[in-house]
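Take a look at the structure below.
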Amino acid sequence: MATIQYWLMKSEPDVYSIDDLKRDKRECWEGVRNFQARNFMRGMQVGDLAIFYHSNAKPPGAAGIARIARVAYPDSTQFDSSSKYYDPKSTPDKPRWSMVDVAFVEKFSRMVPLAELKSDPELEGMRVIQKGSRLSVQPVEKSHFERVIALSKLSRGAG
DNA sequence: GCCAACGTTGGC
DNA sequence: GCCAACGTTGGC
């Protein structure tokens with residue numbers, strides 16, 4: 001059995017939240033328009049786990065867990081001129097952008113705010129807590145992934 | 001709303 | 001290939 005990889009995927013909850021994924025159970029992760037983030041998605045395997053992160057939220061933070069349900073395939077919105085994700089430089093025979101499908105795993109009983117991720121010594125070096133980090137899809141170390149889950153199970157201030 | 005960070009584009 | 005201009009992300 002292959003070792004699974006761990007990821008963090010950002011979404012603005014006003015656009016698509018962990019509650020939306022809980023309702024939908026499974027959804028395609030459309031709209032990634034950054035090459036580095038796209039390349040990370042192309043490295044994902046079915047069964048990989050991702051922290052579902054709420055960006056541009058009050059407060060921003062880790063909101064739950066999703067599982068990769070389908071490996072990367074062309075993002076159809078890039079060919080749709082009515083979509084805000086339309087990319088006129090992309091053609092169906094040479095698609096620029098990919099997406100994966102993600103499935104709902106869990107919504108944290110307590111979302112872990114970014115400020116708390118930043119203040120946790122065990123999460124030192126995690127990409128999402130670095131100043132100016134804009135990457136919307138990023139790999140996460142297993143120890144960091146497990147630590148975020150552990151934090152979600154603590155009541156604030158406990159421990 | 002502000003603005004720092006940083007990715008992309010395009011002129012040269 | 002350089003780099004300035006521009007657009008976007010995203011915390012605060």
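Chain letters run A, B, ... following the sequence lines, proteins first, then strands; residues in each count from 1.
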- Query: Hey, any chance A/Met44 and A/Met99 share a hydrophobic cluster, counting ILVMFWY side chains that come within less than 4.5 Å of each other, even indirectly?
  - Reply: no
- Item | A/Arg42 to A/Phe40, cation-pi by 6.0 Å centre distance and 45° axis angle | no
- Pair A/Lys84 + A/Glu30: basic N to acidic O under 4.0 Å: no
- Item | A/Asn39 CG - B/dG7 P separation (whole Å) | 13 Å
- So does A/Arg134 reach the base of C/dT8 with its side chain, donor to acceptor, closer than 3.5 Å? yes
- Note on the structure: CG (A/Leu117) and CZ (A/Arg147) are apart, to the nearest 0.5 Å, by 10.0 Å
- Message: Using a 4.0 Å heavy-atom cut-off, does A/Asn56 contact any base of the nucleic acid, only the sugar-phosphate backbone, or nothing at all?
- Response: base
- Query: Looking across every strand, which nucleic acid part, if any, lies under 4.0 Å from A/Arg38 by heavy atom: base, sugar-phosphate, or nothing?
  - Reply: nothing
- Task: Grab the NE2-C1' distance between A/His54 and C/dG11 for me, whole Å please.
- Result: 16 Å
- Can you tell me how far P of C/dT9 sits from NZ of A/Lys10, to the nearest Å? 11 Å
- Within less than 4.0 Å of OP1 or OP2 of C/dC12, is there a side-chain N or O belonging to A/Lys118? yes
- Message: Quick check on B/dG10: is either OP1 or OP2 less than 4.0 Å from any side-chain nitrogen or oxygen of A/Lys89?
- Response: yes
- Name of the residue among A/Ser83, A/Ser98, A/Ser90 meeting side chain to side chain donor-acceptor pair (under 3.5 Å) with A/Gln78: A/Ser90
- Separation of B/dG7 C1' from A/Gln138 CD (nearest whole Å): 15 Å
- Message: How many whole angstroms separate atom NZ of A/Lys58 from atom P of C/dC12?
- Response: 13 Å
- Message: Surrounding CD of A/Glu124 (heavy atoms of other residues, nucleotides or ligands, distance under 6.0 Å), is the total greater than 12?
- Response: no
- Task: Tell me whether the centres of the aromatic rings in A/Trp7 and A/Phe52 are closer together than 6.0 Å.
- Result: no
- Could you tell me the separation between the CD atom of A/Gln36 and the C1' atom of B/dT8, rounded to a whole number of Å? 13 Å
- Can you find a side chain N or O atom of A/Tyr85 that sits less than 4.0 Å from OP1 or OP2 on C/dT8? no
- Distance, rounded to the nearest Å, where A/Arg96 contributes CZ and B/dG7 contributes C1': 12 Å
Between the protein and nucleotides 2-6 of chain C, list the N/O to N/O atom pairs that are separated by less than 3.5 angstrom.
none

- Rounded to the nearest Å, what distance is computed from the CD atom of residue A/Glu12 to the P atom of nucleotide C/dG10? 7 Å
